[in-house]
2 protein chains.
Amino acid sequence: MNRKPNLKDVAELAGVSAITVSRVLTHPDKVAAKSRQKVEQAIAELGYIRNHAASALASNRSGVLAVIIPSLSNIVFNEVLQGIYSAVKPHQLQVILGDCHYSPLEEEKLIATLLSQAPEGLILTGTDQTDYARKLLQNAGIPVVQLMELTNNPIDINIGFSHFAAGKAMTEHLLARGYRRIGFLGARMDPRTQHRLAGFRKAIEDWNTANNAKNSGAEPSSARCEPYVVTTSQSSSIKLGGQLLQSVMAESAGQCDAVFCCNDDLALGALFAARQMNLRIPADLAIAGFNDLEASALVDPGITSVASPRFAMGQQAVELILQKASGAQTEFSPLDVGFSIMVRGST
Amino acid sequence: MNRKPNLKDVAELAGVSAITVSRVLTHPDKVAAKSRQKVEQAIAELGYIRNHAASALASNRSGVLAVIIPSLSNIVFNEVLQGIYSAVKPHQLQVILGDCHYSPLEEEKLIATLLSQAPEGLILTGTDQTDYARKLLQNAGIPVVQLMELTNNPIDINIGFSHFAAGKAMTEHLLARGYRRIGFLGARMDPRTQHRLAGFRKAIEDWNTANNAKNSGAEPSSARCEPYVVTTSQSSSIKLGGQLLQSVMAESAGQCDAVFCCNDDLALGALFAARQMNLRIPADLAIAGFNDLEASALVDPGITSVASPRFAMGQQAVELILQKASGAQTEFSPLDVGFSIMVRGST
DNA sequence: TTGAAAGCGCTACCAA
DNA sequence: TTGGTAGCGCTTTCAA
């Protein structure tokens, strides 16, 4: 026989019926030890591998979890993925992964494609899906997680933290440290980056308001905090961080005394460039980042950054999907996993 | 109607037969424009999504490409993945990805699992599969790529470069620069790392032999090159690079004048640690790495490193799989993509 | 604990 | 260009 063996072949060899073989594969404990042994031996002998498509069709369970991330090159999503894989492991689930390159339209297409696999659940990054994508997902009848970021209008399950609050908190940290001419370096400007920028602006606005109130009458100009915002749609890289630092220095006529980088890649690039410009850090220039990458803690000085539980978010996403899929009627209000500011020498 | 619409529903609504709808989905050009339009409208109206399992079962084509990498956290494999995804895009293929954590046994299990999806092809990292895994793959009757590394006994298609040659070439570079007390810092010690180490040893052995021949009679000890090898099975990280540098300095009683790190993470860590030890680079200590990460070019001094075409390897793997799957009888001898040494300030 | 029959939703094959 | 028929390999349901 040359074709691949199927259930029936195994059954014949083992001297049982096909369904018994099927049971050995899915509920081994519901089969008598004797039969099970015979079946297992037949499987080994034939090198039988169960046909997933047939199994999925008959059982209406695909055993597939779909995941869409915005970028394969950004290590941040790798950590989320690791969490997802670690949580998936004990359950018989395969992950199919899509990369939407930060594009909601690509994401929409991917969703349509991935849904045809009838996944048990779907994990998305961010909360900015197209209307059509939302509709597709609502009709799909499977648990959906929007990860990394919070929204008050989730499709289904929502796990993340407020990038606005994080951006605001980091800016407040810089203000508290006495920096008053603060630059914001932003690349790619995806929604989460924009929220960080909004938080940055709000913190400065609040500070200026509060400060004006105190010093009313006095010359306000010297007491104001001056924001310098430099952004680009280019995708983020270490190198770009150095370039953006030069831009902000040019724009501020060298007055900028701190930069808040929308991620740690930019921050590292800014740090390297600042060294070459002979700026002392943090005396001449403070540098803050976002994501708390390993390198940020190890460069000298260490870069102050925003940490968030990425691995745990990935795990939670899987767990909540499985809970929901198994019919638990728990209410999943948006789940805020929080963030923390890792203060280091750069600020 | 509450259940999900199927082909038949679409067919009825469009006033055609089921098979015509199927054709619209797979070979739209083989259907009259008029019918096609009706069908497409019906699909949109019902929000129909084709059942992949049924399609795969009936057609015996899964539309799935299986990929196994040793680590999700190592950015090196991300670049390979990006190549794979970019090549897969124009073809209707979904990627299912497994992470075997550098373990051949986990890899074997993953192979068995992934094969049940009847993938059109399978991409593996490295050439160190278990015997059972090899047997599974040989019986699977699908194109298999072993990527990243060369072997003279490939399972099927083999694309990569010689890590031995690269390790040797880098060491020769250090020797040519005049370094004589060279350390090798190795972490995780997967097969490719071991080949790099073997290349390191060979280069030094060759050099000592050649040198002995020239200076026969003279005091050989001062003319010998001294290798210091420090390895650990811990997984690689920037931080670990600093620790290993300290070990090699301790072991060599501070005599070590160059370190070849098995990857750039270690090299970065070594660089940061060397700075804190007030070592001038490359005067007091040369540092060489492997993989040519972005940061290696941007730190000061830049880290000399081995570059390889990772993105292109991923692409090629997909392309050769598709070629082979479509019956092209090309002979695929191991494909050496080569490497290059990026010389920078650190050496 | 085991088995027989039916059918999941789609596509290959052939015929019109 | 279109359609009818059959069947992919498995699991569900029900009965023994």
Side-chain angles (χ1 to χ4, degrees), chain A residues 1-40 42-43 46-64 92 115-120 140-141, chain B residues 1-40 42-43 46-64 92 115-120 140-141:
Chain A
M1 167 177 68
N2 223 345
R3 63 175 170 75
K4 275 195 217 154
N6 61 22
L7 254 201
K8 231 176 175 175
D9 300 325
V10 176
E12 273 169 24
L13 183 57
V16 298
S17 74
I19 180 62
T20 300
V21 179
S22 171
R23 276 196 273 255
V24 169
L25 293 170
T26 27
H27 314 286
D29 43 319
K30 294 197 174 166
V31 177
K34 218 171 174 179
S35 316
R36 190 168 64 224
Q37 239 170 344
K38 284 191 294 184
V39 168
E40 278 165 355
I43 287 176
L46 293 174
Y48 169 73
I49 289 183
R50 122 120 63 58
N51 181 320
H52 173 265
S55 158
L57 177 58
S59 68
N60 204 23
R61 301 199 70 252
S62 67
V64 154
Q92 199 152 340
L115 279 183
S116 79
Q117 308 255 358
E120 317 281 336
Chain B
M1 169 177 62
N2 223 346
R3 64 177 170 73
K4 275 195 218 156
N6 62 22
L7 254 200
K8 230 174 171 178
D9 300 325
V10 177
E12 273 168 24
L13 182 57
V16 297
S17 74
I19 181 67
T20 300
V21 178
S22 171
R23 277 194 274 254
V24 169
L25 293 170
T26 28
H27 314 285
D29 43 320
K30 293 197 174 165
V31 176
K34 216 170 172 179
S35 314
R36 191 167 64 225
Q37 239 169 346
K38 282 191 295 183
V39 168
E40 278 165 354
I43 287 176
L46 293 174
Y48 169 73
I49 290 184
R50 176 225 241 122
N51 180 322
H52 173 265
S55 159
L57 177 59
S59 68
N60 205 23
R61 299 199 71 252
S62 67
V64 154
Q92 199 153 340
L115 280 182
S116 78
Q117 307 255 356
E120 316 280 336

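First the proteins, then the strands, lettered A, B, ... as listed; each starts at 1.
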| query | Any donor-acceptor pair under 3.5 Å linking the side chain of B/His52 with the backbone of B/Ser62? | reply | yes
| message | Has B/Arg23 got a side-chain atom pairing as donor or acceptor with B/Lys30's backbone, closer than 3.5 angstrom? | response | no
4.5 Å side-chain heavy-atom contact, [X] and [Y]:
X: B/Arg36; Y: B/Pro28; answer: yes
X: B/Arg50; Y: B/Thr26; answer: yes
X: A/Leu13; Y: A/Tyr48; answer: no

Could you tell me the separation between the [atom1] atom of [X] and the [atom2] atom of [N], rounded to a whole number of Å?
X: A/Lys30; N: C/dT2; atom1: NZ; atom2: C1'; value: 13 Å
X: A/Asn60; N: D/dT13; atom1: CG; atom2: P; value: 11 Å
X: A/Gln37; N: C/dT1; atom1: CD; atom2: P; value: 15 Å
X: A/His27; N: C/dT2; atom1: NE2; atom2: P; value: 14 Å
X: A/Asp29; N: C/dT2; atom1: CG; atom2: P; value: 12 Å
X: A/Lys34; N: C/dT2; atom1: NZ; atom2: P; value: 10 Å
X: B/Asp9; N: C/dG9; atom1: CG; atom2: P; value: 9 Å
X: B/Glu12; N: D/dG3; atom1: CD; atom2: P; value: 13 Å

| Side-chain N or O of A/Ser35 less than 4.0 angstrom from OP1 or OP2 on C/dT2? |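 So the side chain of A/Ser35 is within the cut-off, an N or O lying under 4.0 Å from OP1 or OP2 of C/dT2.
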| said: Taking 4.0 Å as the cut-off, does a side-chain nitrogen or oxygen of A/Ser22 come that near to OP1 or OP2 on D/dT11? | reply: yes
| request: For B/Leu57 and A/Ala54, work out which heavy atoms get closest and say how close. | output: CD1-CB, 3.7 Å
| request: First locate atom CD1 of B/Ile43, then atom CG of B/Leu7, and finally report the distance between them rounded to the nearest 0.5 Å. | output: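 One finds 8.0 Å between CD1 of B/Ile43 and CG of B/Leu7.
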| task | At under 4.0 Å between heavy atoms, which parts of nucleotides 4-9 of chain D does protein reach? Answer with one letter per nucleotide, 5' to 3': B base, S sugar-phosphate only, - none. | result | ---BBB
| message | Quick check on DNA chain D: between B/Val16 and A/Val21, whose nearest nucleotide comes earlier from the 5' end? | response |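 Final value for this comparison: B/Val16.
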